[in-house]
**Q** 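Please see the structure below; I have some questions.
Chain naming here is simple, since letters A, B, ... match the order of the sequence lines and numbering starts at 1 in each. Keep in mind the model is a prediction, meaning the values are calculated, not measured.
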Protein chains: 2
Amino acid sequence: METVEKLTKVLRNHSMKITPQRLMIFQILENNTSHPSAEEIFKRVKDIYPTVSFTTIYKTLEVLCDLGELRELTIDDARKHYDPNTNTHHHIICTSCKKILDVFEDFSPHVKLPESFRENYMISNFQVSFYGICKECN
Amino acid sequence: METVEKLTKVLRNHSMKITPQRLMIFQILENNTSHPSAEEIFKRVKDIYPTVSFTTIYKTLEVLCDLGELRELTIDDARKHYDPNTNTHHHIICTSCKKILDVFEDFSPHVKLPESFRENYMISNFQVSFYGICKECN
DNA sequence: AAGCTAACAAACAACTATTATCATTTAAAA
DNA sequence: TTTTAAATGATAATAGTTGTTTGTTAGCTT
Ligand SMILES: [Mn+2]
Ligand SMILES: [Mn+2]
Ligand SMILES: [Zn+2]
Ligand SMILES: [Zn+2]
């Protein structure tokens, strides 16, 4: 199922309303692998709905995160980025231009929390972040 | 060599000055595995030097990071944390209380950037972040 | 189709972490 | 001790994000 359709359904199931602004956000997120920041999403929505406010963007992104339909990435120290792909995967960020790409390698067979933590932590997930410089940034 | 001694030496080598405030920060960082935020460091320095400013804390932490003597952790989405241990290692963060612990497992033999990225990226390092709930937070 | 109401959007204010500016002070070299 | 470059601290500014209020609307009910 495509993102727009799925998110519409999920929000409906929670008696939340589908507004034009939200639909636009869903469309922006559909098949989006660019890991946009709130501002990048805001700008694109603003092109179509010039009166949209930042609050609306943040509120909708928060709702989607709470519903588990969106991942909030803590990888760029300057701002949060959002990822509609909620399947386990990893990232590489260029420390110069801050571009974030997906790394779909499955590290789970090898990356396990050491035994000593097992009894003290309930692990929900892990993520691997690679830091480097992309070719464009040399 | 202990942290205070080492940092003093490194700063001297770069013609930087050793001030009482900086020495206090060095002491706070010595053997510190709590991954403090700037504010936590600020509060502790303030106990001894009540007129210290936040600027001094941030500036000194920036200097240490630039010199490679301190690691800035991007793992808590609310604020940066600092780690005097600059050797490669990983972390587990409790998503409830935000406590950060070290994970010293060496994942480097298994966690490698996939071949497809090799020609386009100069990787400087990677980090594994485990997310979970600690026992105290249940 | 019209009315109802919880949820929403927008305007705006507030807040938090961090960085910038700059006059004053000080570490440390001469 | 004098000199000077660098650090400090007061203050302001900035950026990202969250909270509040009030009028509007999606989508159900009649
Ligand atoms: Mn991704
Ligand atoms: Mn650590
Ligand atoms: Zn780049
Ligand atoms: Zn906890």
**Q** Does C/dT18 have OP1 or OP2 sitting under 4.0 Å from an N or O in the side chain of B/Tyr58?
**A**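 Yes, because at least one side-chain N or O of B/Tyr58 sits under 4.0 Å from OP1 or OP2 of C/dT18.
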**Q** Please say whether more than 12 non-hydrogen atoms of neighbouring residues, nucleotides or ligands are located less than 6.0 Å from CG in A/Asn138.
**A** no
**Q** Reckon A/Thr19 has a side-chain N or O less than 4.0 Å from the OP1 or OP2 of C/dA9?
**A** yes
**Q** Could you tell me whether B/Thr55 contacts a base, only the sugar-phosphate backbone, or nothing, with contacts defined as non-hydrogen atoms closer than 4.0 Å?
**A** base
**Q** As a test of reading the structure: which of D/dA10, D/dG16, C/dA27 is closest to the side chain of A/Glu39, going by heavy atoms?
**A**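 It is D/dG16.
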**Q** Between B/Leu67 and B/Leu7, is there a side-chain heavy-atom distance shorter than 4.5 Å?
**A**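 Of all side-chain heavy-atom pairs linking B/Leu67 with B/Leu7, none is under 4.5 Å.
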**Q** OP1, OP2 of C/dA10 versus side-chain N and O of A/Thr51: anything below 4.0 Å?
**A** yes
**Q** Can you tell me how far C1' of D/dT8 sits from CZ of B/Arg22, to the nearest Å?
**A**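 It is 9 Å, rounded to the nearest whole Å.
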**Q** Of B/Thr56 and A/His81, whose closest DNA chain D nucleotide lies nearer the 5' terminus?
**A** B/Thr56
**Q** Considering just the side-chain nitrogens and oxygens of B/Arg12, establish if one lies under 4.0 Å of OP1 or OP2 belonging to C/dA27.
**A**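 No, outside the criterion.
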**Q** Using a distance-only criterion (donor-acceptor N/O pair, under 3.5 Å, no hydrogens), is the base of C/dA17 paired with the side chain of B/Lys80?
**A** no
**Q** Using a cut-off of 4.0 Å on non-hydrogen atoms, how would the nucleic acid contact of A/Glu62 be classed: base, sugar-phosphate, or nothing?
**A** nothing
**Q** For DNA chain D, whose closest nucleotide is more 5', that of B/Lys17 or that of B/Gln21?
**A** B/Lys17
